[in-house]
Amino acid sequence: MKRYNPKDIESKWQKVWESSGLYRASDKDSRPKKYILEYFPYPSGAAMHVGHVRNYTIGDAIARFNRMRGFNVLHPMGWDAFGLPAENYAIKNNISPKVAIAENTKRFKQQLMQMGFSYDWSRELNSSDPNYYKWTQWFFLLLYRRGLAYRRESLQWWCPFDKTVLANEQVEAGRCWRCGNEVEKKALKQWFFKITDYADRLLLDLDDLNWSDSIKNMQRNWIGKSEGAEINFAVESSTDKLKVFTTRPDTLFGATFMVLSPEHPLVEKITTKEQKQHVTTYVKAAQASSDIFREKTDREKTGVFTGAYALNPLSGNKLPIWVADYVLSGYGTGAIMAVPAHDERDYEFAQKFKLPIVSVIEPKFIADTGESAVLKNQEYVKREAVVAVVRNPKTDEYLCISWKTHRMNGLVTGGIDDSEEPAAAAAREVLEETGYKNLKLISDPGVYIHSLFYHRQKQQNRWAHFRFVFFDLINEERSKVSAKEASLLKPVWIAKDKLESFFNVVEGKYLQKIIDNPLAVYSGEGVVVNSGKYDGMDSSACREQIVHDLEVAKSGKGVTNYKMRDWLISRQRYWGAPIPVVYCESDGIVPLSEDQLPLKLPEVSAIEPSGDGRSPLAAVNSFVNTKCPKCGGPAERETDTMDGFACSSWYFLRFADPHNKDAPFSKSQADYWLPVDDYIGGAEHAVMHLLYARFWTKVMKDEGLIDFSEPFMTLRNQGMILAPNGSKMSKSKGNTIEPDGLIEQGYGADSIRVMELFIGPWDQSVNWSVEGLGGTYHFLQRIWTLVSEYLDSSGGEKESEALKQIMHKTIHRVDKDLLELSFNTAVAALMECVNGLYKLKAAEGFEAVEWQWAIETLLKLLAPFAPHISEELWQAIGGEESVHIESWPEYEPNYLVDETIKIAIQVNGKIRGELSVAAGTDQAEIETKAKEELKVKAHLEGKQIIKTIYVPDKLLSLVVK
RNA sequence: GCGCGGGUGGUGGAAUGGUAGACACUCAGCACUUAAAAUGCUGUGCCCAAAAGGCGUGCGGGUUCAAGUCCCGCCCCGCGCACCA
């Protein structure tokens, strides 16, 4: 046989596979189905590099493995062709987007083809094809019919220099990506999809998906559900109500002022004459500053007083109303009640503008683990108590207590006796427990916590209400501590920065915080105080009570708020699916009827944005001017096109039935193939595509088009391939590595594929390695050489248990690793297998009768990774059908165990020797042999074995004294 | 600040609580060759000339006969979100 040369075999097999339809999925089949899908690519000007290829290689390995395991596999490919990047590429190269897409898809397809991926190309689709976007438009009409598409005015990024609307991704650090000028916002009438109607379901259904926690959390965060209350505050000497949203109605009595965002409509109405000038100046400045600036969280709080006051609906307190840009107009009601004691931002603001701070929640800590864990089913004994914080000013150390009776480290604490002042009680406790007698009172700010723990001495559950008292040590003079106290605990001085690690009481972290600043903001749960009749309630219970009372008083209600906004789909751009509605003077907004679809995108000469905020289609009179479908009178078409994400929100369904002319897909085919079993792609789609596709799927379910409500059951996010120096690969940096060049150099697609999987865990980012690619090429070449030599040999009749063992072990490992998607170790197992076969060949030649079977098995195991060389060698050793439709090998468990095994011997936890024994040798014999081992013997000399642990067939551990 | 990853030789990475460094890359040596490449074989964590021995999985503690792995507390790097009340 000739030497291994990928160029001789790869394109040959690619043609054979394609012409024989080897990878076509069958719509009617008795086998169980698997739908393996990779995100369909965006055919931009930049060709695919090895990072993109990793995505498809993973999908292809899964698809091929499952095909061989007997599944009916759907593994399709198509093109996400509409959208901005294609349009910009076309503008830049002065060609039409249609031509650009045609060129780019051709290039991409050729790249995918040359990698030998097992796609069912008969299902190829292109989202810019009228046969496809007809149905995207059909879905728009469906959403409209269901009340999920609506039109309203909204602000959009606008570049005043280029006179064009910009998409979010075209705004870089507040500037236009093309001319570098600062962008502004412009009000335009836009179409939206009402994804917020589905917020709860999108959130809830996440729980059942086999997706990474990271992506699920990104979606949860994006949806941003928060439960709370809307509270109406009356505005003094005005009929206006000031409505705020809060998640902490339990802190209502702690509100000391109100804040409106600069955009809030009430600002102008309620500002007093005296304050008018200040407020106007502030609001103007806020509106003029860029969003980039306003979103900075590290800048100092700013704001002005409006002169107006609001009234707390429950306490009746009078609260000054301020305007400040730290309150966002886009979230909640654009106004807040400020609770500086329990909110960091409000605290910062209150500090700066000298506004009052009222604490209404006292922290509550319950010990639930460790030696002081409270006993369930036991009543609490309540005690008023003190915590003495004693600092030694000379050393900046704090007086702490370490208990001798149990593991507990804390501060000096104790109960307050009847009619005793807290400061006196604290000083007394310090004296009794530690003997220090000369203390100077620094402060007693009235700061409390509740600490619930099990009191070991008193043997009862304690609920201590601790008050903090702060002292400095005057001198180190001490009196004698009673014998009883001395036997229980000992005083220790701990440096300030060591306190946190020293404390092991449940409130330890908080102690540190309170020592730093006794008036620190506390935003957790606790016990309500300073709140009239609500005093003493748990904060969570108080929340419910206050919401209830507000509802009764008609000044508030419980509400759920979401960060997620409706999905703006209008694009003032040419290259997208036209929005299928017309505007009629008498009928208003009129949707097209289904038989008027597809509404084709007209061919135009100029696709550059017109400059007035409308799409280039606005200049095409033959497109714009039409008749109203309802009354037949003159009407104008919508000239905006749909966001590209609309097209990609249903493509996975079209693959199930790609040539259907009567519907987007038939229900039976969709229900057969979907949901997608494995969806593979990068994490960049986390909150856009993956959320939109889930939304559309749920709408389709509600419409009765399909029987499932989640499109992708398992999502796999592959790690990025970085340039060899660790930087991101990008065309602009000129550091991309494309498979084409590597194939041209002679490595071949198979080596690249194996490298993509072997380079590291598939879900982790890794730097590409040119040297490593040489390694996988070498590996394939060794297989080629081995098979060549086998074919040249004369064979033999002997039996080789060793050969069988190598192969069964390899089947077991590759099988297990592929089920776990541990591709890198699966490849390593194959490499070890080949190394083993080389050794065996050197020892015994090809005499064993099992060699034919062994090589067949090796090639089958290799097929999902390196399909071309597997196929070529499969044919060479006499295979009649393709190796890729062979069934996956099975292993025999009795070949997985070795006859002779090595037992490690440990003495006091260290390895001191090794024994080679027959598998299943009993412990007594191993112990005897172990004690005779020279090194082991030396370590046992003059010592006594006090414990022996034996892990069968693995290790013997001796503990000596 | 919050969420999610990650930290193991010169490098990429392996390790159900049970011999850390599988498998590769790199490098060195040997064989083949007139020579080189290719190929095959051997070696390759660190300290010590070597042996013996010791040290080693970001740092500090802990549990255990035994910890990369489990527990507690930190540090660093990457990604995402972020004045969301």
Side-chain angles (χ1 to χ4, degrees), chain A residues 3 212-218 220-222 224 226 228 244-248 251 259 261 294-299 301 324-328 330-339 342-346 348-349 369-370 500-504 508-509 523 561-563 683-684 686-687 717 719-720 722 724 726 755 758-761 763-776 778-779 781-782 785 822 824-832 835 838-839 842 902-914 935 938 946-951 954-960:
Chain A
R3 282 193 46 183
S212 73
D213 286 341
S214 137
I215 302 277
K216 283 198 204 180
N217 282 334
M218 279 161 89
R220 287 190 186 111
N221 193 270
W222 187 263
S226 50
V244 304
F245 173 73
T246 176
T247 55
R248 293 297 298 267
T251 63
V259 187
S261 67
R294 281 185 62 176
E295 279 164 15
K296 275 192 180 167
T297 56
D298 51 358
R299 45 190 261 273
K301 294 276 178 289
D325 65 2
Y326 81 91
V327 172
L328 308 176
Y331 182 78
T333 62
I336 62 157
M337 64 177 205
V339 185
H342 306 293
D343 182 285
E344 289 285 353
R345 297 151 300 180
D346 298 343
E348 217 184 298
F349 195 82
T369 55
E500 199 175 327
S501 52
F502 172 77
F503 292 140
N504 61 4
K509 271 205 159 164
S523 52
N561 214 337
Y562 298 93
K563 275 194 243 177
E684 68 273 16
V687 288
N717 302 111
M720 254 194 297
L722 305 168
M755 183 57 186
F758 181 63
I759 194 165
D763 53 353
Q764 263 173 54
S765 292
V766 68
N767 299 357
W768 183 255
S769 158
V770 181
E771 295 79 13
L773 183 60
T776 55
H778 184 206
F779 161 63
Q781 184 171 253
R782 274 164 74 79
T785 306
S822 183
N824 56 330
T825 54
V827 172
L830 288 168
M831 287 174 167
E832 280 183 71
N835 293 347
Y838 263 72
K839 285 216 168 71
K902 287 176 177 172
I903 308 252
I905 304 157
Q906 293 184 340
V907 180
N908 282 353
K910 299 221 165 173
I911 303 295
R912 298 299 181 187
E914 194 178 72
K935 283 192 204 169
I946 54 169
K947 197 170 181 183
T948 304
I949 295 112
Y950 179 61
V951 183
K954 271 199 172 150
L955 160 143
L956 178 74
S957 181
L958 303 171
V959 187
V960 300

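Keep in mind it's a predicted model, so treat the numbers as computed, not measured. Every chain is numbered from 1, with letters handed out A, B, ... down the list of sequences.
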Approximate separation, where rounding is to 0.5 Å, of A/Thr785 OG1 and A/Tyr838 OH = 4.5 Å
Who does B/A24 pair with, Watson-Crick or G-U, both distances under 3.5 Å?
-> B/U11
Roughly, in whole Å, what's the span from CD in A/Glu771 to P in B/C27?
-> 8 Å
Rounded to the nearest 0.5 Å, how far apart are CD of A/Gln764 and CD1 of A/Ile759?
-> 11.5 Å
Nearest whole angstrom, please: distance from the P of B/A85 to the CG of A/Leu328.
-> 10 Å
Decide whether a cation-pi geometry holds between A/Lys301 and A/Tyr326; the criteria are a distance under 6.0 Å from NZ or CZ to the six-membered ring centre and an angle within 45° of the ring axis.
-> yes
Could you measure between the two C1' atoms, the one in B/U44 and the one in B/A37, and give it in whole Å?
-> 23 Å
Pick the C1' atom in B/G80 and in B/C74, then give their distance to the nearest Å.
-> 24 Å
Rounded to whole angstrom, note down the C1' distance from B/U69 over to B/U57.
-> 10 Å
Distance between the C1' atoms of B/G18 and B/G3, in whole angstroms?
-> 35 Å
Per-nucleotide protein contact string for nucleotides 9-19 of chain B, where B marks a base within reach and S marks sugar-phosphate only (heavy atoms under 4.0 Å, - for neither) = ---BSS-B-BB
Looking for any heavy atom pair under 4.0 Å, which part of the strands does A/Gly775 touch: base, sugar-phosphate only, or nothing?
-> sugar-phosphate
What interatomic distance, in whole Å, is found between C1' of B/C72 and the corresponding atom of B/C23?
-> 35 Å
From B/A24, B/A85, B/A22, nucleotide with atom closest to A/Met831 side chain = B/A24
Counting side-chain heavy atoms from CB outward, which of B/G3, B/A85, B/A22 is closest to A/Asn217?
-> B/G3
Separation between CG (A/Leu956) and CZ (A/Arg912), nearest 0.5 Å, reads 14.5 Å
More 5' along RNA chain B: A/Gly334 or A/Met218, using each one's nearest nucleotide?
-> A/Met218
Tell me what A/Ser226 touches on the nucleic acid: a base, only sugar-phosphate, or nothing, going by heavy atoms under 4.0 Å.
-> sugar-phosphate
Separation of A/Glu348 atom CD from B/C83 atom P, in whole Å?
-> 13 Å
Specify the separation, in whole Å, of atom CD of A/Glu684 and atom P of B/G80.
-> 10 Å
Atom OH in A/Tyr950, atom CG in A/Leu958: separation rounded to 0.5 Å?
-> 12.0 Å
Assign a letter to each nucleotide of nucleotides 38-45 of chain B from its 5' end: B, base within under 4.0 Å of a protein heavy atom; S, sugar-phosphate only; -, no contact.
-> SSSSS---
Gap in Å between the two C1' atoms, one belonging to B/A20 and one to B/A67, rounded | 11 Å
Yes or no on side-chain contact (heavy atoms from CB on, under 4.5 Å) for A/Met337 and A/Thr251, after CA distance, side-chain angles and deciding distance?
-> CA-CA 10 Å; A/Met337 64 177 205; A/Thr251 63; 3.7 Å; yes
Evaluate the side-chain proximity of A/Ser769 to A/Met755: yes if any heavy-atom separation is below 4.5 Å, no if none is.
-> yes
Could you state the CZ-C1' distance from A/Phe779 to B/A24, rounded to the nearest angstrom?
-> 11 Å
Do A/Ile336 and A/Asp343 touch side chain to side chain, with heavy atoms closer than 4.5 Å?
-> no
A/Arg248 versus A/Val339: any side-chain heavy-atom pair under 4.5 Å?
-> no
Could you state the atom-to-atom distance from OH of A/Tyr331 to P of B/A82 in whole Å?
-> 13 Å
Counting only Watson-Crick or G-U wobble pairs whose two distances fall under 3.5 Å, which nucleotide matches B/C4?
-> B/G78
pair_partner(B/U16), Watson-Crick or wobble, both distances < 3.5 Å, evaluates to none
Which is true for A/Val327 with a 4.0 Å heavy-atom rule: it touches a base, it touches only sugar-phosphate, or it touches nothing?
-> base
Do A/Ile905 and A/Ile911 touch side chain to side chain, with heavy atoms closer than 4.5 Å?
-> no
Applying a 3.5 Å limit to both distances, which nucleotide forms a Watson-Crick or G-U wobble pair with B/C55?
-> B/G45
Over how many whole Å does the gap from A/Leu773 atom CG to B/A24 atom C1' extend?
-> 12 Å
P-based separation of B/A82 from B/G73 [nearest Å] | 29 Å
Would you mind building the protein contact string for nucleotides 50-55 of chain B? One character per nucleotide, 5' to 3', B for base within reach (heavy atoms under 4.0 Å), S for sugar-phosphate only, - for untouched.
-> ---SSS
How far, in whole Å, is B/G78 from B/U8 if one measures between their P atoms?
-> 15 Å
Give none if B/U33 has no partner; otherwise give the nucleotide forming a Watson-Crick or G-U wobble pair with it, both distances under 3.5 Å.
-> none
What's the CE-C1' distance between A/Met720 and B/G78, to the nearest Å?
-> 9 Å
By nearest-nucleotide position on RNA chain B, the 5'-leaning member of A/Asp213 and A/Lys563 is A/Asp213
Can you see which heavy atom on A/Thr333 is nearest to which on A/Val244, and at what distance?
-> OG1-CA, 3.3 Å
Closest approach of A/Ile215 and A/Ala683, non-hydrogen atoms and distance?
-> CD1-CB, 3.9 Å
Provide the Watson-Crick or G-U wobble partner of B/G60, both distances under 3.5 Å; none if there is no partner.
-> B/C72
Is B/G62 in the syn or the anti form, by the rule that syn lies within 90° of 0?
-> anti
Looking only at heavy atoms, which two atoms of A/Phe349 and A/Ala324 are closest? And how far apart?
-> CE1-CB, 3.7 Å
Do the side chain of A/Ser261 and the main chain of A/Gly334 share a donor and acceptor less than 3.5 angstrom apart?
-> yes
